[in-house]
Structure formats: structure tokens, C-alpha cells
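Structure first, then comments.
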2 protein chains.
Amino acid sequence: MATTKERAYKYVGARVRKMDALERVTGRAAYGADITLPGMLVGKVLRSPHPHARILSIDTTKAEALPGIYAVVTAKDLPPMEKVAGSIGGELTITLIDLRKMTIAHDKALFDGHAVAAVAAVSPEVAERALELIDVKYEVLPPVEDAVEAMKPDAPLLHEDLSTRSLGERAKRPSNVAAYVENSFGDVDKGFAEADLVHETTYDTKMVHQGYLEPTTAVVSAQSDGKLTVWSSTQGTFGVRRTLSQLLDLPQHRINVIPTEIGGGFGGKVYAILEPITAMLSLKANRPVKLVMSRSEVFRATGPGSPMHAVIRTGVKRNGRLTACYAKIILDAGAFPGAPVWGAGAVSFGPYKTDNLKIEGYDVVTNKPRVQAYRAPGGTPIAFAIESHMDEVAEKLGIDPLQFRILNAPGEGDKGTSGQPYNRIGMKEVLRRLSQHPCWTSPAPKGPHRGRGLALGYWPGATLTSSAVVQVLPDGGISLFSGQVDLTGTRTTMAQMVADEMQVPIENVSVRVADTETAPYTDLSAGSRTTYSMGAAVHEACKDALAQLKTHAAQHFKSPKEDVEYANGVFWVRENTEQRVDLQTVAGNSTRLASGPICGYGTVTRLQPAHQFAAHVADVEVDPETGKVTILRYTTFQDVGKAINPTMVEGQMQGGALQGIGWALTEYYDYSKGMMRNPTLLDYRMPTALDIPMIEAVIVEVPASDGPYGARGIGEVPIVPPAGALANAIYRATGRRLHTLPMTPQEVWGAIHSK
Amino acid sequence: MATTKERAYKYVGARVRKMDALERVTGRAAYGADITLPGMLVGKVLRSPHPHARILSIDTTKAEALPGIYAVVTAKDLPPMEKVAGSIGGELTITLIDLRKMTIAHDKALFDGHAVAAVAAVSPEVAERALELIDVKYEVLPPVEDAVEAMKPDAPLLHEDLSTRSLGERAKRPSNVAAYVENSFGDVDKGFAEADLVHETTYDTKMVHQGYLEPTTAVVSAQSDGKLTVWSSTQGTFGVRRTLSQLLDLPQHRINVIPTEIGGGFGGKVYAILEPITAMLSLKANRPVKLVMSRSEVFRATGPGSPMHAVIRTGVKRNGRLTACYAKIILDAGAFPGAPVWGAGAVSFGPYKTDNLKIEGYDVVTNKPRVQAYRAPGGTPIAFAIESHMDEVAEKLGIDPLQFRILNAPGEGDKGTSGQPYNRIGMKEVLRRLSQHPCWTSPAPKGPHRGRGLALGYWPGATLTSSAVVQVLPDGGISLFSGQVDLTGTRTTMAQMVADEMQVPIENVSVRVADTETAPYTDLSAGSRTTYSMGAAVHEACKDALAQLKTHAAQHFKSPKEDVEYANGVFWVRENTEQRVDLQTVAGNSTRLASGPICGYGTVTRLQPAHQFAAHVADVEVDPETGKVTILRYTTFQDVGKAINPTMVEGQMQGGALQGIGWALTEYYDYSKGMMRNPTLLDYRMPTALDIPMIEAVIVEVPASDGPYGARGIGEVPIVPPAGALANAIYRATGRRLHTLPMTPQEVWGAIHSK
């Protein structure tokens, strides 16, 4: 596929206004909670008050007898499990059997907030009353809330068969370890032996939430014959369709999933968390049912970001060259397997060139909600570890932290963490730009308790399958639709591509996110793949539509199709400029009169990876009295390949950095005996616009090796460097290294005042 | 295109259960009035109380000041008319300028019920109150309610510029004649000169309504930037899109028309009658608006069936051979041009072979609602005339009425009314089957006041453009979607075709009617074209999907695509039966792993016509005391080409016959001084199941020359013969010929007791 074109683009690369902005700011955009259907019921979920308990019995008779109650469901209402197979998800795969158990507790409740039963009622009040009338008998079990604790031989076991199921004969005894993954190339022992310095450090991070604005919501209208219509605020409608098909034993063609607008996902709306239980209620009630989570339920029972424990060891020559890189990464999956072991491993030493690498990853279950992706899943914790570690190494060697990173930066052909050589990448260009930028060349902030920190980030990016349909309407307008959920403004970026490929004003283009019954198969919007992979599909669909238009124009001219030329809305025959016909005429004639409407189709799968690199620089001031960290200046650099819409790219860079800053400084799940103590936005502290300065976003453009325009995915890598950059800045401001996240005022104060 | 195939079909031709039956009978199917949106307002229309009046002024200030009123609109709220161009509709074309004036009265109100203003309010009560507060000053003008009267030089003129605009220099003076159409071949004067008998008769029919169960409804959600989402119970969503685009000066890609379920159309829901006014309200209110017509509004202000005045003259040889056929047909269009002159002319002598034909058609405006199609528009009145006339001719010649028709029946190669030779047709086969059927071979009903009548019917059928998309889902299920509105059960017939083409169980197939943003362009569901034209598109889409599947299977086998064979869900390589792979596996691998999802596309335009012929036989008893006609037995014969689903075909034959019976015996708009006196279902008398016996439907199958399976359209021709058959039966029962419709008890009693 051509990566660049000679023709200058009018819209690709321009700061085009977000086309759905008006709908959103006027409240006309329909989110899940806005869906209203005749006869619709309100669903509510009964959740376990224990982080770990055996369910001895559930008596729903009183609830069922309550007037106004149309359905009460428990795990017993699910079809038999035998047919359930396969797994689902983008970056953090979960087996559908585990998803079934996560949807609604089977024999055990495995985390504080685990769904145990659900009701559908005429009103929220009746539904709440019914929940009170459901009598669940529990045998309370001791919980385990930390992955390292959970690996100990005497730890309470969540799933008796887990280790043997996942690890087979390698599991010597039942444990909470779901998977052990080893990834290596070269010879690390040899590398360490050759090193002048071997350095080892240890890091810990906590569970955090994506903090999307829109609570998870589902509306399902089921018929008694099992036909389902589902309104879902999901990142991937086709995954929801497959999940419902598997869990409810319905064929996929009997399920239509309609994407609503989505108020933020960040990887946290990948799995069908509420849809199965809502569908169970609707099928039983034979009425439409709406289920909207409270914020507390969102915290307790969706899918947060994974906590990590990591040991990093590197060997270096005196000249700064890395000779060996080793990481042991223990990731906490919550109650069911599937922590971001792959993502953390991929990110880890991604920005560093080495001949000898070994990564050991552990996927461990604990009595917490099952994690989901959170932009670049696993990336933020591991980059906090690696970037803190590399700063220490550079300091020990007496090398400037930027020079150390430039020295070890990978380029095209160098091996990435996967062992495969990188195609064209922009790590070196990002560092070159940073090295010349005032955020780095200006003197470090003056005064005591101030410091500057640098950190790098990497994300490989996903590809998968995307498909798009481009239709040219009888009045010459162009309508694009696909099943690709718009999380970040991709309707606008797709319109830019269509306008340039079809060479028409962007006002003539509309973009629709369609349901699973009409959109051709498209994978979820996640893994930084939307603009990259969908852009390629849109590109193909436009080519198809143009070819069809040329066929029609050729009929008009009575000339061979091959001789028809097109530019800027006009067709003509090569070497004959007298005969001309415009796009609108050709399109207008295409319906009843000519050989059919113009309907271009594009589908793309298995593109090459488009690796993404970033670097962040933070200047901070630490208040020694309180430990509070104030960010004075924050600058992000990122190789985006080609910024289709620079304004939106900057928005992603800023938003990702902000989320990483929250993760670094203030956000965490505060657990006590397995119970979350802060499941509100008051107590779970996310940074606001008042907490941080304007984040400067510097766009670097090294074209990707595949896909159109050279664009790379951009949504994930901005969350990777912040914790490392801030930890390094805090070190320079205080002389103290923090090895745990978040770096709250308490922690920073404690570090300052420790001996 | 292949018309028949050697392979036996499993579903095509079978009595498959209607797949959306459950949704409909349980009330879960969403009709227009079921749509509810957040913040939605109620729309109401102020209608002219005069059939003909100049609008001097409209004062809306009091209505606008009423609390709870969000918008008041009049014709002044429409964008300028200069850009409006073209015309719209399937069988009864209307110019968009006329549709604009019909939507909401401009300078004149032209019929009782003509919209003059509209309001959007928080409740129906507030809306009604606002209508009362709108002050319209009228100059009342004399109305003209009959087309023959309207043609007289001193008739009140509806449109000053009409005749000159339509007829150009041929219009010697302004008149209410919108069009004069002459269609002829051979030499009728010579034909009449050669005849042994020349017979002339005159007929009149009245205005009738299609009587669909669901009142016309529209819901529009407009944004302030002009983006429209429209829920419409229309027969053709793409026509609604174009109409709104033209009338509201919006590009088509900014308008999405979503088809709701439709509770009957019969040609009466072709034009956007309510959508433009609802859109005007929504745009002005910046809120969603729902407008639902009352039954009285449906009668007064939608589009009924056209009344007719006709003079029929034929010449025959003593042996019964027709030598010349002449018809003068005056059709009443209501307030704007576009009566079914073409349809009446096409139907007229369609079942009769002649060398000399002349048809003169007049399209005349009157102060009545603008007519729309009503199954085979123009067909029922003209066939009443022709079939009564032919019975009289046969009697004068002393020839049995069936023998007379057999003698003159056309076959393949004979000229139709258009002057073009028929392709393969079934008129002779229909008559042969009828001649052997007990409804005809049994003795005519015994006793006084009883009689048997026979009549023929013809309809050419439309083709236009249809498009379909067939997707094979990852679990092997198959999902079809198109923009073809399902009026009559075509979801099921399309599923039958898909199941047979893809060779899968029909349970694995679903069919969706999609909106204009996702469905590829498809013309309206009308003109008996849906199964014929859409069936061909589905057939193409299946072929495309199968070709794609074979490509994937070839990759699986690592064999050339040309060698891959398929049958009943299994692929194999020719001459190698060991390697086999099933459809589900190929489809499952198509998404992430192989070369993309399976998305078959088919579009068909300009098929050959598939002519439809029918014959009906009625046995009646007439009560000489009251004039009431009781139908004792009713049998319909119809060449359907190929009955895709015999049960549904029979339903169409029975339903069409029943509507024709109502038109023949009891239904009519009762006008007095231009005001409709019976706009309720109590006073406008439609036959019920209690009024008629079981209608026997005899399916005749002479394959059509084009399209798949040999199927012909079936929905319209059943309404053509009933009035003629009943008139002929009443004649045999009473000895009196009625030359006007409806043949109410009063009319029949009057005829019996006239001298």
C-alpha cells in the first residue's frame, strides 16, 4: 500500500473542526442513557458485599412477588455453559467462560461489587426494593488483594482449577497464577557478564480507573423468540454481538448491536459487562430493559487498569551501551485471568536497543474487579519502572539522561521487545526534536524543591480488521459508514480522508457509525488502531467508489473506462478536454438510469505494525511541608507518522498525558480487606484542568511503513511516559526516588522525611 | 439473467412462515407512532376549512406567545422555491414544486384539509389551543369537485398558469387540464370501419382511500445545523430523502431517513406528506417533533385513489375479433397534476389483442386532495369500464363472455397497450385454468337475483433500481440488508431466496430494512416491483458473497479459486473429496485472519417488464328490497410467474380483491360543496371479513422473461378486476348494467327500479 502520495492534500493534515461537536455540546448526541423505548423497564443489579465468598443460596421468591417486578435473574438463568468457547477482547483477552462468570457470579462472588442477581422493574424505586428482598446466603472467605501476596503458597485460592487449566503440568500446585510468559532473545547472562555495571530496582503500582465520564450503560430489547436489539456504549459492537451470541446461545444474525455515542472508553468499554445481564432481564421480562451503572458501580464492577510489581535489572558498559535487559513483571488481573502481560512486556524496553533481553511476566488473579485495558495497557506502570531505572543507571554512569537515551535509541532494523526488527520508526527523531526544544534546552527550573524529568514511551499498536462503505449519493454528496466506534473524533478524520480521496469539499461528506446488522465486520476501536486501520479501509472504499464512478462516466462518454480521468469533481476523457461531466451528474444518473448506485467497499486486515514512540519532559515543584507536587511545565513529543488532524492529535497527546499524570500522582483504588473505600469521584482524585498547566504537544512525523498517508495510531502512547517523567523530576527536586505509584503528597512527604 | 435453474429449491416456492409475524402480533414492531425521543414535541397541523380559498393573511403571533409552544410554521418558513426542481414518485409523479405547495398552502388553499400552518408544542392540548389562536383570513372561492366539470370553460381555476405550463401552446386558454396524453397504434378509424359492430359506453367512478390501518406519521429530529434524522412510515425512504433535500435546501448526505414498520401503504405512502412539515417544525424548534395524523386527516389530506370518467368504444367482427379499441379517460388528480393517466391507459385493453388502438387521457385538477397510487393506479376504474363494456359486446354478439376473452387474449409477441410486443405472458394460461375450474364450470348460482360475472385484469409492473447487501457472519449466519421497505412480507421472501442461494437453513438468515445512510440506493416499494426487482438484487448479492467465500476457501485449500466447489454449507476442491471445509469455518476465519469479511453486494436496474394478468369470477345475490349485493363465491386467478411464498401470494390476491370489492360496492368520498362528509371509518364503509366469503386464490405460474426464479410482481393486479366482475355478476342477477362506482345498495336499488 502506498504510504505517501505526490498529490497535496487539502484536508488530510488540516485542523478541521470536529463534525459532531454541535451534537455533543448541545446535548443532542444520544448516549446509552438517552435511549427510551415504549414499555421499557429499569434494571438494577444486586452486587456482592464481600470480596470473596461462596454463594450458598439465592432466594428470589419475595422479589419476584413484588408488584412491578417483571424479571429477576441469577446465573441459573444463563443457558448451559458447554457451548461457550473462545475468548474476546482487544488487548486484554478474556475467555468467554470467565466473562460469563464475571457477568454474574456463579458459585462464588470474587470481588467487592461482583453481580449476584439482577431485577427489571417499572421504576428504580421498585427495583431497589426488589434487590433488598433477594436473600443471598454467603460463606465469607478470606480475600487476597495483592498479586505478590496471591502468589504465595498459603494465599486464598480464587479458582481451584486455575493454574492447572492454564499452566498444565508446569503448575505443581493450585495457585492464583494464571499464566507465566517468558520472552527473550540473545543471552542475558552473557550480557550481564559483559557489563561494567549491573543495576536492579523494584517498583509497585496500584489499581486505577479510566475515569470515563459516561457510566457504563446498556439497553436491550429482546423478543420472546430470542431476537435481540442492543444499544451499547461499547468500543466494539461486533465483540458485544459475539459475546451475547455465546453467553445466551443465540446466533449472531439474531442480534443487532447499535452503538450509542460513547462518553469515553480508554480501553475500559471493550467487554460486554452490562449487556449480557440486561439481555437476560429483557429476555425474561419480554420487554425492553435499560441498565445504567452508578459511579460507584463503575468503580467497583467494570474493569480498571492493572496494578504491577516489577523487578528491573540492566547491564551497561561504562560508555552507556546496554548489554542486557531483564524484567520480571507481575501483573494483577483482578478476579479473572488476562492482565496486560503482553502489553507491559512489549512496552518495557521498547525505546532501548539491546542484543540480550529477557522478560518474565506473571498473570495473577486477586479479589478485585477484572482489569481491562487503559490506553496502552501495562504501559504506564512498566514505563514508570524502566524510565526511573534508566535515569538511575545514567546517573551512576554520569551520563546526561537524554544522552543516555539517545545512545541506546533503536532505529529501523533494530530488534524490538518482540525480537522482530522494527520497520520505519521515529524514536531517534523524537529525541532529536526534544533535544532542540526549549523545554529541554532552557535551564532547569531554579530554586529549591524544583526539578526536571524526562521519560520515554512506546506502544506497538494493533491492526486487526476494519471495513468501510463509501456511497456517492444522487446529488453528489458522499456518505461513509462503518462499524468503527468513534471514541476520539474519528468521524472527522475519516471525513477528511474521504474528502481528499474523492476530491470534494468536506462539507459534502458525512460519516456514520452503523450497527452490526448493516456495517461490514470491523474490530473494536482500541489499540491505537482506529485511524490507522480504518483509514486504510476508507482509502480502499474510496478507490472502489471512484472506479465505479469512472465506469459510469465511461458510459456517458462512450469511451473505454481506462481513458477516463478524474480530478476535483470533474471527469473527462484523456487527451480530450472538451467533453467533461461533473461528479454530481454522474452520481445523479447512477440510480435509475445507469448501471446502479455508487457503493464503494473497503476492508483491510493484517497491516504491518505502526510503532509509536513518545517522550515527555516535566518540570515540577515539590512542597516540602505537604509533599504536594505541582507541575510547572509539561511537554510531550510523539511520532504520529502523519497527523491527519493536528488539533485532535494534540488533544490525544494532552489527554493521555493528563491521565498518566493522574495515575502518577493521585489516583488509586483504596482497598481495605478487599473492599474499595473510595468509589466516588470525590474520593478517587482525578486531576482537573485547575491542577495542571497547559500541556504542550509537539508533533513529530516519521511516516509509518504501511497504511495510507503514513499515519500511525496515536491514542495510547501518550499515557506511557508521565509517571516516569514525574518520578525523575521529583527525584531532581527532592533527591528522593519513589518506587511506588501514586506519588501522593503523603508518599512524597514520607520520602522527603525518611532517612 | 437466468430465469430458471435446474437445481430444486428448498425454500423458494415453499409456504415459509412470515419471519416478522411475532414482532407484529406482540406489538413489539416499532411503527412511526412508537418512536419516542428525549425532549420530543407534539406537532399539529392547521388545515383549511375551505376547499378553495385565497389566503389573505396568517397571524401566528398569539399562537407563538402561548407557553409551551416551540414553533409555529407557515409556507413562509420554507427556503426559496427557486432551487426546487424535478419530480418524485413511483407511478403517479408529482413535481417537487407542487409537492411543496401541497405540503403547506402557499397563496391558496386548494382542498378541504389543505395544511395552512403547523405548531410544535409540549403537549397535544397546548398544540390544539395554539391552532385555535392562529388567525387566517381567507377569501373563499367557488370549488370544483368533479373532473368533467373542471374541464368546462367557466369552471373555477385552481392554478392560473397550469395549462400553459403543462401543455404549452396547445393550451388555448387557462384551464384545469394539466395534461393530455394520446397513445395509439394501427389505425382505429380503419378498424372501426372494418367492424361488424361498434359499441360505445360511458363510466364514472368516485374517489376512494387505500384505507391503510396505520395513520400517516413522521418523527423528525433536526439539529440547528440542519442535520435531519427522520423516522418515516413511507414506502420509499430514498424519495423522502430527496424530497426533504429539495424542499428544505439540504444536501442528501445530511438527511437520514429511517423506515419504521409500515401499517399498510398500497401506494398511499409514496410521497413525503408529513415529513417536510415535521422537519420544518423540528428545525425551527431545535427539538425532535412527532406528527401523527388523525383518521380524519388521513382521509382529507393524504392521497386517495383517483376518480375516473371514461368513454369506451370498440369495433368487433361478428366472429368476436376486435378490430379497434378506443378509450377516452378523464382522471381526476385532485388539487395538483399527476392522475394515473399512464396506468389507466396501460391497463385498459391490456388483456385484449388488437391491431388498432387509441387511448386519450386527460389529467385534470379539482379541489380535492391530490391523489396517490392505490395498487395498480388507474387500473380498477378502467377495468370496471372495459370489462363491463366487453361483457356487453360479447352478449350482443351472442358469445360466451369467457370464450370472447379467450378469442381476443394476447400472447407472447402480441402488442400490448404500449405498442411494444409482450415478452412471455400468462393471459392465455390464466384463462385456460379458469375455464376448467369449478368456479366457472359449475352451474351459475340458481335462483332469482343471482348471477355470475367474469373480469380480467392487467398490470405492467415497474422495475427501477434495487440494491442489497448479503453479509456472512463469523458464525456462518447470514444477514441481508437493503433499503427496500417491507410492505407485504418481503423480508421473508428475501430470506427464502438467500437461504436457497447460499444453501443454508432459513433459520440462519436474517433480513433487515435499513436506513438511507447505510442501505445502498433502492427505489420505493411500489409498482409490484419489490420481489421482482429486489429479488434480482438479492440474487446478485448472494452470488457475490459466494464468490468471496470461494476465494477464502481457495486460500484454505491452497488451490485455485476456479476449482473450489460449494454445496449445502460445504466447500471442496473439484475431483478431491477428501479436503472439505464448512461455511462456518470459512466465515469464521474471514474476519481477523484471512482476507476480510464476506460482504456481498448486488444492484439491479432496468429489468425487462414482467407483465401480470389476472381473472376474477364472482357469484352474487342481490336483495331486490334493499339493493344490497351479497358475494356468494369469489375466485381469483393470477399469473405470478413463480410464487416465492404461495401463502403470501394468496394473501396479496385476497387482499387486493377485497380492496377492489370495497371500491366496487361501498367505498367513496362523499363530497358536498367540496367538503368531505364521511372522513371516518364509521361513515367511509370498507368491507370487513364478515362482509365477504373466503376468497379462493388460484396461482398460475408462467415464468417471467427476466429476473430470478421467473417470479413476477403480484401486489397490484388483484385490485384490477373486482369492480368489473361484480358489475357483470350484478347484471346477470338483475338484468341491469351499472355504469358508475360504487354500486351501493342505493345505486343497485335505483337501477333495479328504473325503467
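Per chain, numbering begins at 1; letters A, B, ... match sequence-line order.
- Most heavy-atom pairs under 4.5 Å with chain A: of the set B:Asn256, B:Val509, B:Thr36, B:Ile598, this distinction falls to B:Val509.
- Remark: A:Arg24 CZ is packed, more than 12 non-hydrogen atoms of other residues, nucleotides or ligands lying under 6.0 Å away.
- In this structure, the portion of A:Ser467 lying under 4.5 Å from any heavy atom of chain B is its side chain and not its backbone.
- Across every non-hydrogen atom of B:Asp34 and A:Pro38, the tightest pair is O-CG, 3.3 Å.
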Exercise. Before giving the answer on side chain to side chain contact (heavy atoms under 4.5 Å, CB included), spell out for A:Gln223 and B:Thr26 the whole-Å C-alpha distance, their side-chain angles and the decisive distance to 0.1 Å.
Key: CA-CA 9 Å; A:Gln223 284 184 196; B:Thr26 57; 5.7 Å; no

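- The residue among A:Gly39, A:Ala519, A:Gly477, A:Ala30 with the most heavy atom pairs within less than 4.5 Å of chain B is A:Ala519.
- Panel note: side chain B:Glu517, backbone A:Phe481; no donor-acceptor pair is recorded below 3.5 Å.
- The distance from atom OG of A:Ser590 to atom OH of B:Tyr521, rounded to the nearest 0.5 Å, is 9.0 Å.
- Proximity to chain B involves both the backbone and the side chain of A:Glu23, based on heavy atoms less than 4.5 angstrom apart.
- For the atom pair CD1 of A:Ile255 and OG of B:Ser479, the computed distance is 11.5 Å after rounding to the nearest 0.5 Å.
- Residues A:Thr518 and B:Ala514 share a closest heavy-atom pair of CG2-CB, 3.6 Å.
- Residue contact with chain B, scored on non-hydrogen atoms closer than 4.5 Å, involves the backbone of A:Ala222 exclusively.
- When every heavy atom of B:Tyr601 is checked against every heavy atom of A:Pro597, the shortest pair comes out as OH-O, 3.5 Å.
- A donor atom on one side chain and an acceptor atom on the other are found under 3.5 Å apart for B:Ser221 and A:Arg28.
- With a 4.5 angstrom heavy-atom cutoff, B:Gln471 touches chain A only via side-chain atoms.
- Of the listed residues (B:Arg254, B:Arg241, B:Lys227), the greatest number of heavy-atom pairs within a distance under 4.5 Å of chain A belongs to B:Arg241.
- Among residues at least two apart or in separate chains, there is no salt bridge (Lys or Arg N to Asp or Glu O under 4.0 Å) pair with a member in residues 462-485 of chain A.
- Looking only at heavy-atom pairs under 4.5 Å with chain B, the residue among A:Asn286, A:Val469, A:Leu37 that has the most is A:Asn286.
- No side-chain heavy atom of B:Arg242 sits under 4.5 Å from any side-chain heavy atom of A:Pro474.
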Self-check item: Verdict with reasoning, A:His253 to B:Ile478, per side chain to side chain contact (heavy atoms under 4.5 Å, CB included)
Solution: CA-CA 6 Å; A:His253 72 276; B:Ile478 296 174; over 6 Å; no

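- Ranked by heavy-atom pairs under 4.5 Å with chain B, the first of A:Thr516, A:Thr522, A:Asp515 is A:Asp515.
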